[in-house]
Amino acid sequence: MDYNFNSIEQKWQRYWAENKTFSVKEDASKPKYYVLDMFPYPSGAGLHVGHPLGYIASDIYSRYKRLKGFNVLHPMGYDAFGLPAEQYAIQTGQHPKITTEENIARYRRQLDRIGFSFDWEREVKTCEPSYYKWTQWAFLKMFGSWYNNTTDMAEPISELLLEFEKNGNLKVNAACTETAPFTAEQWQGFNEQQKSAILMNYRLAYLGETSVNWCPELGTVLANDEVKEGFSVRGGHPVEQKKMKQWLLRVSAYAGRLLDDLEKLNWSDALKEMQRNWIGRSYGAQMIFKVVNPEPADGSKFDKEYNIEIFTTRADTVFGVTFMVLAPESEWVEKLTTEGQQEAVKEYLNYVKKKTERERIAQTHNVTGVFTGSYALNPFTQERVPVWISEYVLSGYGTGAIMAVPAHDSRDYAFAKKFNLEIRPLIEGCDVSEESFDAKEGVMINSGFLTGYTVKEAIPMAIEEVEKRAIGHRKVNYRLRDAIFSRQRYWGEPFPIYYKDGIPTPLELTQLPLELPEIESYKPTEQGEPPLARAKNWSYNGYSYETSTMPGFAGSSAYYLRYMDPHNNECLVSKDANHYWRNVDLYVGGTEHATGHLIYSRFWNKFLFDLGYVAEKEPFKKLINQGMIQGRSNFVYRVKNTNTFVSCGLKEKYDTTEIHVDVNMVYNDRLDIEAFKKWRPEFENAEFVLEDGEYICGWAIEKMSKSMFNVVNPDNICESYGADTLRLYEMFLGPVEMSKPWDTKGIDGVHRFLKKFWRLFFGGGEGTGEFALSEDEPTAEELKILHKLINKVDTDIENFSFNTSVSAFMVAVNELGALKCNKRRVLEPIVILLSPFAPHICEELWQMIGHSESVSFATFPIYHEKFTVEDTVEYPVSFNGKTRFKITLPKDMGKGDMEKAVLATPEAAKYLQGNAVKKIVIVPGRIINIVM
RNA sequence: GCGGGUAUGGCGUAAUUGGUAGCCGCGCCAGACUUAGGAUCUGGUGGAGCAAUCCGUGGGGGUUCGAGUCCCUUUACCCGCACCA
């Protein structure tokens with residue numbers, strides 16, 4: 001009987017669906033295990049062979065854990081809000097919901113064909129009101145919370161209100177937007193608008209006027225992780241900075257915890273490092289520099305005293321400050337610009353404003369700046385230093401102002417050189433004539449009380465002195481900024497907020513979900529308002545709703561929680577379900593979410609943890625980043641101005657143009673000429689110059705995409721080889737974490753393995769006869785093969801090393817084939833072992849063996865060492881590290897006896913040639929080395 | 001510029017974690033069945049040499065009886081961040 005994978009796979013996919021084989025419920029009698037894939041955005045292009053790589057790996061792991069007796073939660077869903085569907089809607093007028101539903105249906109068909117063990121009853125789609133109700137709910141919870149730095153957690157804003165009424169904000173230690181101090185009396189005197197504005201400074205989801213990444217092409221703002229090198233990640237359109245009022249999430253409040261808790265996670269070092277850099281913690285001091293009146297004669301501007309506050313990690317270098325620099329956007333700029341410098345500063349600010357983000361990046365080391373006319377006093381030396389403005393100081397980091405120490409900071413150095421400012425070295429023996437000395441090492445000079453100390457000693461001493469003199473304080477700074485949370489788009493979650501007399505007011509929780517209204521066109525309005533402004537009769541008792549929608553990461557931030565209890569209409573996830581499933585044990589997905597989704601999700605989870613809604617501090621315990629599968633493109637070579645194509649090996653002899661050719665018409669780099677002629681009308685009469693009667697195509701590794709004609713569709717692979725072969729082959733290609741090009745060539749080897757395996761059940765590798773298993777006792781040799789395999793597969797799966805497991809299966813099947821072994825007691829356990837990798841064929845064989853239940857309910861076989869351990873060991877014998885001969889010795893022989901046995905051999909005498917033995921190194925079970 | 005990673009046959013990779021380098025597969029070579037089919041099966045396949053043997057894990061150095069594995073140094077490629085004070 002032949003291995004008919006098509007009918008087998010259809011049969012079992014139907015069986016799993018009908019019997020709901022993979023449906024799970026909370027079950028206190030079993031340990032839980034939660035395996036999650038990053039859910040896909042259902043794009044119009046469908047799946048290519050690269051997409052399922054991670055899904056296959058996680059599916060193998062899920063099935064394996066099930067065999068090991070775990071209650072496995074393994075769900076799947078769709079990140080269904082997003083730009084492409086909306087762009088399509090703008091062009092065609094078709095509702096994005098329709099496009100999205102069509103794409104989801106296609107994804108589902110493709111996924112089903114690969115035989116995943118998802119519990120589809122738990123499917124979520126972020127665009128459904130029953131789902132985004134809980135996205136909106138979380139937003140309202142954030143709106144209603146503030147971050148208490150003293151308790152280091154989020155707390156309800158109602159408690160903050162009580163405190164305001166009692167003591168004002170004087171005792172409040174919050175992560176908030178800078179707010180002027182006020183007393184209880186003052187608070188009570190504020191009107192509604194004022195109160196609302198102040199509270200906004202404290203809320204975790206807040207409306208703020210900030211400089212945002214504005215993408216004119218897309219007509220929306222973008223978060224920092226959605227912008228790369230001045231272009232939008234989606235679409236690649238230019239992005240500029242713009243001041244706008246936007247909703248933000250106070251992610252920065254959690255920066256410290258997001259960084260510290262990273263330690264406990266079982267993620268790759270690379271990914272953790274990426275998050276560390278993104279959060280960017282630096283320890284230092286905040287310090288005040290007094291501004292002194294430079295021009296007393298016309299100094300009406302300076303009737304007030306100003307303090308410039310700066311942040312530095314190098315407080316030890318304060319004696320080397322020779323000037324100060326403000327960011328162009330700094331609020332001090334206006335205050336400190338003197339009469340005489342008005343024109344120059346204005347001109348400079350204009351110049352900066354005109355530059356786009358892209359230009360600033362391109363001209364990174366272009367030194368520009370202007371003098372304000374003002375001077376500040378060095379708090380340690382009382383020296384007067386000039387205050388400058390320059391774009392190299394960023395308004396978004398620290399205080400937007402710096403003390404410049406050109407001798408020990410390369411940027412300050414470049415600035416000082418350009419504008420001829422003093423460079424004062426502070427470290428013994430350093431040479432600053434050519435470049436600055438940035439390293440934190442050496443002994444301080446010219447530094448008052450710090451002179452003579454090393455840099456390492458001086459930094460904490462300087463900070464201490466700053467605090468003692470009350471001119472500043474210790475400070476930890478983060479690079480992580482609050483996440484911009486509104487998008488001027490249609491296809492996203494509406495904000496459950498309306499504006500009552502200009503005051504942003506939340507809907508009641510019971511009024512959720514606030515559904516996305518129907519509109520006639522998906523474009524922004526003529527006035528440049530978001531598309532939702534077009535909605536008719538869409539208001540709350542006449543008060544207009546917020547017209548922005550939430551960004552893509554809103555829906556994906558808590559979906560792993562929703563899977564635990566997807567149909568609950570009362571809460572995001574019930575306490576029971578959450579306390580059973582807790583968090584994700586294994587999360588599989590790409591690295592591209594390192595600084596986006598994976599930060600937001602952790603933040604979101606921590607916030608819900610603070611409020612007591614979830615049991616765990618971290619959402620994803622272990623994370624595996626699957627590599628990308630690249631495409632392997634094929635080329636044909638057309639001789640210029642002709643319709644003649646030359647084979648790759650001959651192309652140097654002609655003047656040719658390289659043309660991408662659809663890889664589906666190429667086999668082992670050999671072109672199917674007939675298919676090629678039919679591919680495009682212009683090639684119908686093409687002529688060919690062949691090599692050995694064949695047309696050989698050129699090739700290159702490129703991104704897998706439609707335009708390169710190198711997309712390999714998993715459906716086609718399933719059609720011609722079967723899903724089990726596809727699954728095995730994707731794993732066999734190499735470690736899951738590694739990026740690699742797809743090459744269909746090698747797939748035959750894996751397919752052959754399955755056929756060989758199948759044949760074992762039909763006459764022990766011999767024939768194609770009837771199903772025939774023997775009940776005979778297995779021999780020691782056969783048991784050894786089996787138990788070696790059990791051990792190997794078990795440890796390999798635990799280590800996520802699937803490629804080596806597949807190799808181990810191949811070895812075992814080859815060996816059993818050579819022995820013509822068709823014994824049930826050997827083959828039955830192997831069916832179980834292989835079932836996570838190739839579930840369809842294993843289900844079929846399992847049934848043929850005589851089991852009535854799915855192999856998914858089998859138990860993983862137990863490894864017995866006694867079946868694999870030999871009584872004798874063959875040792876390679878080396879002389880001074882060079883292997884010379886082999887000797888077989890009993891396994892339990894003592895080291896002394898082994899030495900004697902080795903030295904007694906004629907070979908030993910030959911290689912020793914009378915030399916004295918200095919020492920014999922014996923590694924039991926491994927090697928014997930004789931040192932002469 | 002800073003940070004992280006990788007480097008092994010013609011190719012994808014493996015190596016019980018410091019112990020016989022090259023498992024498994026592709027490709028290639030030979031053979032079998034058939035007869036020119038991108039089928040199947042068997043055997044061979046790191047390099048040099050008739051051979052014993054020698055050489056081999058990007059390059060150079062080191063530790064060790066022994067290094068693909070550990071340390072130093074250097075080169076190439078990949079990824080992330082990038083005026084972060």
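Protein chains get the first letters and strands the later ones, always in sequence-line order, with residue 1 at the start of each.
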Parallel, tilted or perpendicular, as decided by the 30° and 60° cut-offs, for the rings of F837(A) and F802(A)
perpendicular
Do the rings of Y351(A) and Y348(A) sit parallel, tilted or perpendicular, given the 30° and 60° boundaries?
tilted
Need one value for [X]: base, sugar-phosphate or nothing, where a base atom within 4.0 Å counts as base even if backbone is also close, heavy atoms only.
X: I402(A); result: base
X: P741(A); result: nothing
X: V811(A); result: sugar-phosphate

Rounding to the closest angstrom, what is the interatomic distance between [N] and [M] at atom [atom1]?
N: rC71(B); M: rU64(B); atom1: C1'; result: 12 Å
N: rG9(B); M: rG22(B); atom1: C1'; result: 7 Å
N: rA67(B); M: rU20(B); atom1: P; result: 11 Å
N: rA52(B); M: rU63(B); atom1: P; result: 34 Å
N: rC26(B); M: rC79(B); atom1: C1'; result: 28 Å

What residues from residues 265-274 of chain A pass a heavy-atom cutoff of under 4.0 Å to RNA chain B?
A270(A), E273(A), M274(A)
Y3(A)/F757(A) aromatic ring centres below 6.0 Å:
no
Every protein N/O within reach of nucleotides 39-44 of chain B N/O, cut-off under 3.5 Å:
residue	atom	partner	partner atom	Å
rC41(B)	OP1	R759(A)	NH2	3.4

Is the glycosidic torsion of rG9(B) within 90° of 0, making it syn, or is it anti?
syn
I459(A) atom CD1 is separated from rA85(B) atom P, nearest whole Å, by 12 Å
Rounding to a whole Å, what distance do you find between W388(A):CH2 and rC83(B):C1'?
18 Å
On RNA chain B, check which nucleotide each of R479(A) and K886(A) is closest to and give me the residue with the more 5' one.
K886(A)
4.5 Å side-chain heavy-atom contact, I785(A) and L789(A):
no
Using a cut-off of under 3.5 Å, enumerate the N/O to N/O pairs linking the protein to nucleotides 65-69 of chain B.
residue	atom	partner	partner atom	Å
rC65(B)	O2'	N929(A)	ND2	3.4
rC65(B)	O2	N929(A)	ND2	2.1

Measure from NZ or CZ of R479(A) to the centre of the six-membered ring of W278(A), then state whether that distance is under 6.0 Å and the direction lies within 45° of the axis.
yes
